[in-house]
Amino acid sequence: MPELPEVETYARQLAVLKGRTFLGAQVDWARSVPTGAEALGPRIAGQTILAVQRRGKYIVFQLSDDWLLVHLKMTGELQVQPAREPVDIHHRVVFDLDGGEQLRFHDPRKFGRVYLVADPAEVTGPLGPEPLEELFTPEVLQVRLHGRRGRLKSLLLDQTFVAGLGNIYADEALHRARLHPLRAADTLTADEQARLYQAIRDVLAQGVANRGTNLDWAYTQGTNQDALRVFHRHGQPCPTCGTPVERILVGQRGTHFCPQCQPPPPRGGAG
DNA sequence: AGCGTCACCCGGACGC
DNA sequence: TGCGTCCGGGTGACGC
């Protein structure tokens with residue numbers, strides 16, 4: 001599932017499209033384009049790509065007039081292919097580019113979304129801070145944790161809390177910070193808050209450096225899978241202490257942790 | 001407002 | 001082999 005490091009990798013690779021101009025677009029699955037499937041082609045035609053960036057888990061194309069934002073959700077991919085190459089049944093949106101190529105949004109599970117808007121804040125407005133930027137400091141995290149009584153794991157997945165973490169990097173960050181996923185967020189000591197801050201930064205920076213986590217079924221680049229300590233490793237020994245990694249459900253999400261390194265909160269969830 | 005749950009989807013894994 | 005069923009994942013809608 002593309003999270004911040006995977007989306008960052010896509011954005012860097014797609015930067016080669018800078019300067020290219022869209023000629024139009026065809027939409028196979030209308031719900032992929034909440035801003036209007038019929039309007040997409042005519043509106044994007046003639047617009048040149050000025051920059052390719054990332055915000056949270058969105059890939060952000062700055063165009064000459066509008067902004068094109070793509071969320072890959074679980075299984076989405078963006079591909080640049082020659083127009084003569086046949087599309088397959090899972091290509092939901094196909095953009096025509098100058099030069100005989102197409103930008104293709106491949107999404108078997110139809111979860112992903114494509115937005116064409118005048119102001120990117122229409123889409124990214126609710127997102128929390130960028131965890132790898134300088135503006136995200138330990139003090140910012142501390143303030144945002146204040147008064148939050150929910151479980152740490154759920155909070156890390158909340159994109160309005162901090163943008164970019166998904167199931168992989170949330171579990172990895174909590175393990176690195178030695179914090180149990182069920183801890184109530186507002187019960188962290190100052191030292192625990194500092195550990196969580198550093199862990200979030202470290203796992204994401206490492207993921208970016210490794211060009212993402214290859215999970216075969218969701219994303220097939222990168223080497224960060226070799227660096228994972230707990231994610232999808234239930235039953236295997238914790239790399240720190242050797243205790244078997246456990247898997248529980250937190251808010252319907254598979255959650256992996258070491259019961260030794262990440263001691264459970266007292267009864268009732270408070271910590 | 002914050003928090004938890006459900007719906008959206010379908011490929012793949014599993015059971016029969 | 002083929003069919004039916006379940007699961008998972010990020011997010012937005014919804015209810016409390």
Side-chain angles (χ1 to χ4, degrees), chain A residues 1-8 10 27-35 37 54-60 69-78 88-93 105-115 117 120-128 131 141 143-174 181-188 204 207 212-220 224-225 228 230-235 247-256 265 268-271:
Chain A
M1 65 302 311
E3 306 175 25
L4 186 154
E6 293 77 30
V7 177
E8 178 73 24
Y10 273 116
V27 178
D28 168 75
W29 175 244
R31 290 184 61 168
S32 300
V33 190
T35 49
R54 177 195 59 75
R55 173 76 171 101
K57 301 179 191 174
Y58 290 90
I59 297 172
V60 181
L69 294 94
V70 179
H71 198 305
L72 301 171
K73 293 289 175 82
M74 288 172 55
T75 52
E77 288 179 65
L78 279 176
D88 76 41
I89 57 169
H90 297 136
H91 280 122
R92 306 302 178 189
V93 184
F105 177 49
H106 189 267
D107 185 18
R109 303 212 181 159
K110 297 183 176 178
F111 266 43
R113 295 290 183 265
V114 169
Y115 306 83
V117 293
E122 294 177 43
V123 179
T124 61
L127 292 180
L141 179 63
V143 167
R144 296 183 80 82
L145 285 169
H146 181 75
R148 302 301 297 260
R149 305 172 62 175
R151 306 145 165 167
L152 270 184
K153 170 66 183 282
S154 302
L155 200 56
L156 292 185
L157 293 179
D158 180 351
Q159 300 300 294
T160 69
F161 180 73
V162 171
L165 288 163
N167 217 30
I168 300 174
Y169 297 96
D171 282 0
E172 292 297 312
L174 288 174
L182 291 176
R183 284 284 297 276
D186 64 354
T187 64
L188 268 56
L204 292 175
T213 300
N214 182 334
L215 292 176
D216 294 330
W217 54 276
Y219 180 84
T220 53
N224 197 60
Q225 64 279 4
L228 299 182
V230 288
F231 187 76
H232 276 192
R233 295 190 73 250
H234 36 301
R247 182 182 184 276
I248 59 174
L249 281 181
V250 181
Q252 323 283 62
R253 292 289 166 262
T255 298
H256 316 78

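Chain letters run A, B, ... following the sequence lines, proteins first, then strands; residues in each count from 1.
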Worked check of side chain to side chain donor-acceptor pair (under 3.5 Å) between A:Tyr169 and A:Glu6: CA-CA 11 Å; A:Tyr169 297 96; A:Glu6 293 77 30; 2.7 Å; yes

Worked verdict on A:Phe105 versus A:Trp29 for side chain to side chain contact (heavy atoms under 4.5 Å, CB included): CA-CA 11 Å; A:Phe105 177 49; A:Trp29 175 244; over 6 Å; no

Applying side chain to side chain contact (heavy atoms under 4.5 Å, CB included), run through A:Asn167 and A:Lys153 and close with a yes or a no. CA-CA 9 Å; A:Asn167 217 30; A:Lys153 170 66 183 282; 2.8 Å; yes

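Taking atom CZ of A:Arg183 as the reference point, atom C1' of B:dC3 lies 19 Å away to the nearest angstrom. Atom CZ in A:Phe111 sits about 12 Å away from atom C1' in B:dG11, given to the nearest Å. As rounded to whole Å, 18 Å separates atom P of C:dG9 from atom CG of A:Asp158. Taking atom CG of A:Leu157 as the reference point, atom C1' of B:dT5 lies 15 Å away to the nearest angstrom. The interatomic distance linking A:Tyr115 (OH) with C:dT11 (C1') rounds to 9 Å, in whole Å. One interatomic measurement links the two molecules: CG of A:Leu152 to P of B:dC3, which rounds to 11 Å at whole-angstrom precision. Atom pair A:Ile248:CD1 and C:dG8:P shows a separation of 13 Å (rounding to whole Å applied). Remark: P of B:dG4 and CG of A:Leu182 are 10 Å apart, rounded to the nearest angstrom.
The side chain of A:Gln252 approaches B:dC6 more closely than any other nucleotide in the set C:dT11, B:dC8, B:dC6. For A:Asn167, the listed nucleotide lying nearest its side chain is C:dG9; candidates were C:dG9, B:dG4, B:dC3. Residue A:Lys57 places its side chain closer to C:dG10 than to any other of C:dG10, B:dG11, B:dC3. When each of B:dG11, B:dG4, C:dG9 is scored by its nearest atom to the side-chain atoms of A:His90, the top-ranked nucleotide is B:dG11.
One can find a donor-acceptor pair under 3.5 Å joining the base of C:dG10 and the side-chain atoms of A:Arg253.
Nucleic acid contact class of A:Tyr58 (heavy atoms, under 4.0 Å, all strands): sugar-phosphate only. Residue contacts for A:Arg144: at a heavy-atom cut-off of 4.0 Å it reaches no nucleic acid atom on any strand shown.
Using the six-membered ring where Trp is involved, A:His234 and A:His256 have ring planes that are tilted, between 30° and 60° apart.
Nucleotides of DNA chain B nearest to A:Ser154 and A:Ile89 differ in position, and the one nearer the 5' end is that of A:Ser154.
Of the side-chain N and O atoms in A:Lys73, none sit less than 4.0 angstrom from OP1 or OP2 of B:dC8. In this structure, A:Arg148 reaches the B:dC3 phosphate: one of its side-chain N or O atoms is under 4.0 Å from OP1 or OP2. Within the 4.0 Å cut-off from OP1 or OP2 of C:dT11, at least one side-chain nitrogen or oxygen of A:His71 is found. In this model, the phosphate group of C:dG8 is not approached by any side-chain N or O of A:His232 to a distance below 4.0 Å at OP1 or OP2. Applying the 4.0 Å criterion to OP1 and OP2 of B:dC9, one finds that A:Arg31 has a side-chain N or O inside that range. Of the side-chain N and O atoms in A:His146, none sit less than 4.0 angstrom from OP1 or OP2 of B:dG2.
In this structure, OG in A:Ser32 is found 13.5 Å from NE2 in A:His71, a value given to the nearest 0.5 Å.
A:His232 and A:Asp171 form no side-chain donor-acceptor contact under 3.5 Å, judged by distance and modelled atom types alone.
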